[in-house]
Amino acid sequence: MPQITVRDQDGNLEERSVPDGSTAAELFPDRSVVVARVSGELKDLSYVVAQGDTLEPVAVDSEDGRSVLRHSTAHVLAQAVQQLFPEAKLGIGPPIRDGFYYDFDVARPFTPDDLASIEKRMQEIVKSGQRFSRRVVSEDEARAELADQPYKLELIGLKGGASADELGDIMEVGGAELTIYDNLDSKTGERSWCDLCRGPHVPTTRVIPAFKLMRSAAAYWRGSEKNPMLQRIYGTAWESRDALKAHLAFLEEAEKRDHRRLGTELDLFSFPDEIGSGLAVFHPKGGVVRRAMEDYSRQQHERAGYEFVNTPHLTKGTLYEISGHLDWYSEGMYPPMELDAEYDATGALKRAGQKYYMKPMNCPMHNLIFSARGRSYRELPLRLFEFGTVYRYEKSGVVHGLTRARGFTQDDAHIYCTVDQMPGELDSLLTFVLDLLRDYGLDDFYLELSTKDPVKFVGSDDDWDRATETLRAAAERQGLGLVMDPGGAAFYGPKISVQAKDAIGRTWQMSTIQVDFNLPERFELEYTAADGTRQRPVMIHRALFGSIERFFAVLLEHYAGAFPTWLAPVQVVGIPITDGHVDYLQDVARELRAAGIRIEVDSSDDRMQKKIRNAQKQKVPYMLIAGDEDVANGAVSFRYRDGTQKNGVPIAEAIAEVVDSVVRRVQV
RNA sequence: GCCGCCUUAGCUCAGUCGGUCAGAGCGUCUCACUCGUAAUGAGAAGGUCAUCGGUUCGAUUCCGAUAGGCGGCUCCA
């Protein structure tokens, strides 16, 4: 009669003694419970309780519950694939955010038709109610059973060699012992299928309420491009049909907001093939948004004590030899142009050429500005700001709209300060960054602190510790969530990044604030201290938007194209009821323009209703409509984005309303 | 860079199992209509079916290469 502690679904603890051989399933008969947490670890419901256990139920609609559900669905996928493609070799099949995948080595990639038939087979397996049954095996037994599964054998081999840490994420062999999960027929108990897996799993396939295969794609075995490519099938699984439907609706919504689609629909930007992959042109409407974004940023930077600099797009290679970029970043750079070489009549070199590079980063040039003359401690902190356009040779497969481009403009600043000034500077910097992001309409943040990679770093442990602690303290003072990213820093210094959630809950990495121990050394940056000695400044890199293009894309998706008035390319469209009202609206438009408002009067020969539809589709914040009644009263009528209207508004009042929404930078 | 898929009018997309198959809607232009809150009607223009090469009596359709795009993988200092 083991004595155990049971936590019920309301969180209440209860001491109980249960008969020998009792299972978790008997304690939690509720069908929504898929696994149990036993003293902190997830276990199958078939787990036989032991003396002193603390058990709590894990419902399918919890984070952990969904993960188990998805992992079990991945097994169903693999079983279906092996039934339809008996020669398929199994890779790994873990749960991931919103779903799961399973990797297979097959003779030919899966087609959409394959996915349809696999999904159908999965439905049959789910319906048949196979039991997931756990079985501990020795390494030799596992090897014998999985003799025709080379990837599984490799994983078993890894378990022998690698540390638990490295395997922690591999569902197959991450546990304390090797286990195989058998899928048993609900009636006969015969084994239908099995897989090497640490579990846990849902009790039967019948409790998989809703799933869907999403797509197939290739993936390198164990994530290394040196390994063979496997075919990965992605799927999603949920605790109910409604939850699945909601997820699919979310994906649809995300697709509607895709900045590449909105960029075309709203005539904001394009990527002409003639220019090249990953190089955008901004059309007039996109250009207006961009200028509004930049102007406000400039204004705020000026207030915060930044000084504005400008640097060229091209430089001799020497600069990047000094900075070290050519040593460790040349793959990401456009190849050099060879200039100024001279040859004689025979073609022999008379004068060696110079290599010039497109710049991938602004910092080296800012350093040259710092060292253009002697610097005094009185000048520090020196904050150099630039909208600096950089070019990076992104691999062809990774270019993605405005968020991953080959040419983009950073809102880049470098701050040079003394060691003593660093805490205060980081503090005010973080506040500045977050306030500015809020002004653009993002207000849900968390921070991530990337710390030293123990293998790859420059600078003393002391410097790192102090900088990391300073960053941490500054981050904590913001009262936001702080996520640690151990070993995630670049080699030259620790980093804080600001992650922002958008309107539909997706997180984007926005600003980064990075301490740099490396470049001040390489550029031998110095200032004269109060005591007359030469000191090395601390350097802080920071970009707030990351890149303007990327931030543009984030805002576009965040607002689904419906920008707040201050950012909207067209803030007001004037719509006459008939042609006779055009002149009247033109007069109103002149006044609005004088007040700095971007207004267009739609004098096309479309019907008024069509003009409203057009303005609505262009997501214009305000429609100003005028007909006989308005003219007679010296008024206009508003139609807002939500379709509501306000009629007979005196012109002065209407102007004030629009101007007010711009000044307050509110969404309307 | 790797794997798979895709590329037909400015946009979104039909279509051809190789033979009057170059099509639609939106957009553009013209004309008529002058209208009170999401599509007025009629007409016109617009494509060497991404590019180059091959197979074939014949290719937009089949094959190959190239470019660009999409979804992943790797990468994102």
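Here the structure is a predicted model, which means the values were calculated and not measured. Order of the sequence lines sets the chain letters (A, B, ...), proteins ahead of strands, with each chain counted from 1.
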Does the base of [N] carry an N or O that pairs as donor and acceptor with the side chain of [X] under 3.5 Å?
X	N	value
A/Ser637	B/rG36	yes
A/Asp630	B/rG36	yes
A/Tyr220	B/rG1	yes
A/Arg550	B/rC76	no
A/Arg607	B/rA38	no

Taking atom [atom1] in both [N] and [M], what distance in whole Å separates the two?
N	M	atom1	answer
B/rC62	B/rG15	P	14 Å
B/rU55	B/rU61	P	15 Å
B/rG64	B/rU56	C1'	16 Å
B/rU37	B/rC21	P	47 Å
B/rU16	B/rA59	C1'	11 Å
B/rG41	B/rC33	P	16 Å
B/rA14	B/rG36	P	39 Å
B/rG19	B/rA32	C1'	44 Å

Over all strands shown, is [X] touching base, sugar-phosphate only, or nothing at heavy-atom distances under 4.0 angstrom?
X	value
A/Lys610	sugar-phosphate
A/Tyr492	sugar-phosphate
A/Gly397	base
A/Asp273	sugar-phosphate

Are a donor atom and an acceptor atom from the side chains of [X] and [Y] found within less than 3.5 Å of each other?
X	Y	answer
A/Asp103	A/Tyr151	no
A/Gln616	A/Arg639	yes
A/Ser637	A/Gln645	no
A/Thr451	A/Thr468	no
A/Glu557	A/Trp508	no

Closest to the [X] side chain, choosing from [options]:
X	options	answer
A/His400	B/rU34, B/rG71, B/rC3	B/rG71
A/Thr264	B/rA38, B/rC3, B/rC11	B/rC11
A/Val398	B/rG72, B/rC76, B/rG1	B/rG1
A/Ala219	B/rC73, B/rC35, B/rA38	B/rC73
A/Met229	B/rC35, B/rC31, B/rG72	B/rG72
A/Asn647	B/rG36, B/rG71, B/rG27	B/rG36
A/Ser277	B/rU74, B/rA38, B/rG68	B/rG68
A/Met608	B/rC35, B/rC73, B/rC70	B/rC35
A/Arg260	B/rG69, B/rG71, B/rG4	B/rG71
A/Arg613	B/rG36, B/rC75, B/rA38	B/rA38

Nearest-Å distance, [atom1] ([X]) to [atom2] ([N])?
X	N	atom1	atom2	value
A/Gln231	B/rC73	CD	P	13 Å
A/Asp453	B/rC76	CG	P	12 Å
A/Leu585	B/rU34	CG	P	20 Å
A/Gln609	B/rG36	CD	C1'	8 Å
A/Lys226	B/rC75	NZ	P	10 Å
A/Glu265	B/rG10	CD	P	18 Å

Quiz item: So which one's nearest nucleotide on RNA chain B is more toward 5', A/Gly401 or A/Lys617?
Solution: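 Counting from the 5' end, the first nearest nucleotide belongs to A/Lys617.
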Quiz item: Starting at the 5' end of RNA chain B and moving along, which residue's nearest nucleotide shows up first, A/Ala626 or A/Ala490?
Solution: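 Checking each residue's closest nucleotide, the 5'-ward one belongs to A/Ala626.
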Self-check item: Euclidean distance, A/Phe271 CZ relative to A/Arg260 CZ, rounded to 0.5 Å
Solution: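 One gets 9.0 Å once the value is rounded to the nearest 0.5 Å.
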Quiz item: For the residue pair A/His259 and A/Tyr559, is the inter-centroid distance of their aromatic rings smaller than 6.0 Å?
Solution: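 Ring centroids of A/His259 and A/Tyr559 are no less than 6.0 Å from each other.
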For [N], the Watson-Crick or wobble partner whose two distances fall under 3.5 Å:
N	value
B/rG47	none
B/rU7	B/rA67
B/rU55	none

Exercise. Please check the phosphate of B/rC3 (OP1 and OP2 only) for any side-chain N or O of A/Arg108 closer than 4.0 Å.
Key: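 Answer is no, no contact under 4.0 Å.
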Quiz item: Counting only heavy atoms not in A/Lys501, do more than 12 fall under 6.0 Å of its NZ?
Solution: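 Incorrect, the count does not exceed 12.
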